[in-house]
Amino acid sequence: MRYPQGGGLTPQGQAARERVRILAADGFGRGEKNAVIAKSLRVSVRSVERWRRSWREGGRGALCTSGPAKRPKIDDGDFAVLEPLLPEGAMAQGWADERWTLTRVRLLIANELWVSLSIRGVWELLRRHGWSCQQPARRAVERDDAAVAGWVKESWPRAKPPRRRSGHGWSSRTKPPSR
C-alpha cells in the first residue's frame with residue numbers, strides 16, 4: 001500500500017499536494033534547480049524531477065490533480081435504490097431479526113445491484129451517505145443498577161487476580177535467583 005491510511009489521500013490531502021506541485025512549477029518557471037525546490041518544499045528530489053518532467057511535457061496543468069484514482073463502484077444513483085430498503089429493516093429483506101450488519105448490507109447490495117463489495121467498502125459507502133452504526137438509545141428495562149453496583153463492589157474483586165507486589169525480584173521468570 002502506498003499510504004498507511006489504507007490507500008489514497010483525502011480530498012484535502014490531494015489539494016495540499018497539488019499546492020506543493022504548483023509551487024514547484026513556479027520554481028521551474030524561475031529556473032531553480034531541483035535540489036533547491038525540493039529543500040524549500042520539503043519533498044524528495046526525485047519527486048521534483050518527476051514533476052519537472054510532467055511540467056515540461058504538459059505545462060502547469062499536468063501538475064494539477066486529476067481526481068480520485070477510480071470512481072466508486074456504487075454512485076449516488078445506485079445508492080438511491082438501496083436507500084428506501086434500509087429503513088424497512090432487515091426482517092423485510094428476509095432476515096430473522098432487525099439487525100443490519102455489514103455482511104447483510106453487502107448481500108443486499110449484491111442482490112439488488114449485482115455489485116460485489118468488501119465489508120470495508122460497504123462501511124465506506126454507508127458512511128459516505130450519512131449512515132452510522134447505531135447504539136441502543138436507552139438501557140434495558142430489566143437492568144438493576146443496585147445489583148450491578150453490588151457485583152462490581154463484591155464479586156469482581158474476588159474474581160480479579162491480585163496485583164503483583166512490587167519489591168526485589170529477579171529479571172528471569174524461569175530461573176530462580178542465584179544464592
Side-chain angles (χ1 to χ4, degrees), residues 1-29 34 37-38 41-145 148 151-152:
M1 251 186 280
R2 190 167 174 190
Y3 297 101
Q5 299 88 7
L9 292 173
T10 62
Q12 295 84 8
Q14 285 180 344
R17 293 298 293 172
E18 183 176 355
R19 282 192 299 275
V20 170
R21 290 192 301 271
I22 296 303
L23 290 173
D26 295 340
F28 300 152
N34 290 345
I37 294 171
L41 297 177
R42 300 177 70 190
V43 295
S44 68
V45 176
R46 215 148 188 192
S47 293
V48 176
E49 290 170 355
R50 195 173 57 248
W51 297 341
R52 186 180 292 269
R53 194 175 318 113
S54 296
W55 177 74
R56 263 192 238 116
E57 293 170 3
R60 192 181 186 115
L63 297 177
C64 292
T65 302
S66 59
K70 65 177 186 176
R71 74 170 196 83
K73 285 185 175 182
I74 298 177
D75 58 7
D76 295 338
D78 294 335
F79 192 76
V81 173
L82 295 176
E83 194 99 46
L85 300 176
L86 293 171
E88 289 176 5
M91 288 180 75
Q93 301 303 320
W95 298 102
D97 59 4
E98 281 296 330
R99 286 180 305 131
W100 273 123
T101 62
L102 292 176
T103 304
R104 289 179 179 183
V105 175
R106 180 181 184 217
L107 290 171
L108 178 69
I109 291 170
N111 291 338
E112 295 294 323
L113 302 175
W114 295 89
V115 175
S116 176
L117 290 179
S118 65
I119 297 293
R120 181 179 175 131
V122 172
W123 171 241
E124 295 290 332
L125 172 73
L126 292 174
R127 197 180 65 187
R128 190 170 54 238
H129 288 279
W131 290 77
S132 65
C133 39
Q134 300 294 310
Q135 301 295 329
R138 55 185 180 267
R139 295 182 187 258
V141 176
E142 304 88 21
R143 182 180 169 101
D144 183 8
D145 289 326
V148 171
W151 183 87
V152 167

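As a basis for the values below, the full set of heavy atoms in this structure was taken, side chains included, without hydrogen atoms, waters or symmetry mates.
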Would you indicate whether R143, at its atom CZ, is surrounded by more than 12 heavy atoms from other residues, nucleotides or ligands within a distance under 6.0 Å? yes
Salt-bridge contact E124-R127 (side-chain N to carboxylate O under 4.0 Å): yes
In the structure I gave you, are the side-chain heavy atoms of S116 and R106 within less than 4.5 Å of one another anywhere? yes
Does the side chain of I37 reach to within under 4.5 Å of the side chain of W51, using non-hydrogen atoms? no
What are the two closest non-hydrogen atoms of A62 and S54, and how far apart are they? CB-O, 3.4 Å
Could you go step by step and tell me if E18 and Q14 meet the side-chain contact (heavy atoms from CB on, under 4.5 Å) rule? CA-CA 6 Å; E18 183 176 355; Q14 285 180 344; over 6 Å; no
To the nearest 0.5 Å, atom CZ of R53 lies from atom CD of E49 at 7.5 Å
Correct closest heavy-atom pair for R128 and I74 would be NH2-O, 3.7 Å
Find the distance between OG1 (T65) and CD1 (I22) and round it off to the nearest 0.5 Å. 8.5 Å
Is there side-chain contact between R21 and V43, with at least one heavy-atom pair below 4.5 Å? no
side-chain hydrogen bond (donor to acceptor under 3.5 Å, both in side chains) with W131: which residues, sequence neighbours excluded? E83
R120 side chain near L102 side chain, heavy-atom distance below 4.5 Å: no
Heavy atoms, side chains only, cut-off 4.5 Å: are L125 and V122 in contact? no
Any chance you could measure Q93, atom CD, to N111, atom CG, to the nearest 0.5 Å? 9.0 Å
Ignoring hydrogens, what is the shortest heavy-atom contact between V20 and L41? Give both atom names and the distance. O-CD1, 3.6 Å
Interatomic distance, L113 atom CG to D78 atom CG [nearest 0.5 angstrom]: 5.5 Å
First locate atom CD of E88, then atom CD of E98, and finally report the distance between them rounded to the nearest 0.5 Å. 10.5 Å
Has the side chain of W55 got a donor or acceptor atom that lies under 3.5 Å from a matching backbone atom of F28? no
Residue pair L82 / V105, side-chain heavy-atom distance below 4.5 Å: no
Side chain to side chain, L85 and L108, heavy atoms closer than 4.5 Å: yes
Is there a side-chain contact between L126 and F79, using heavy atoms and a 4.5 Å cut-off? yes
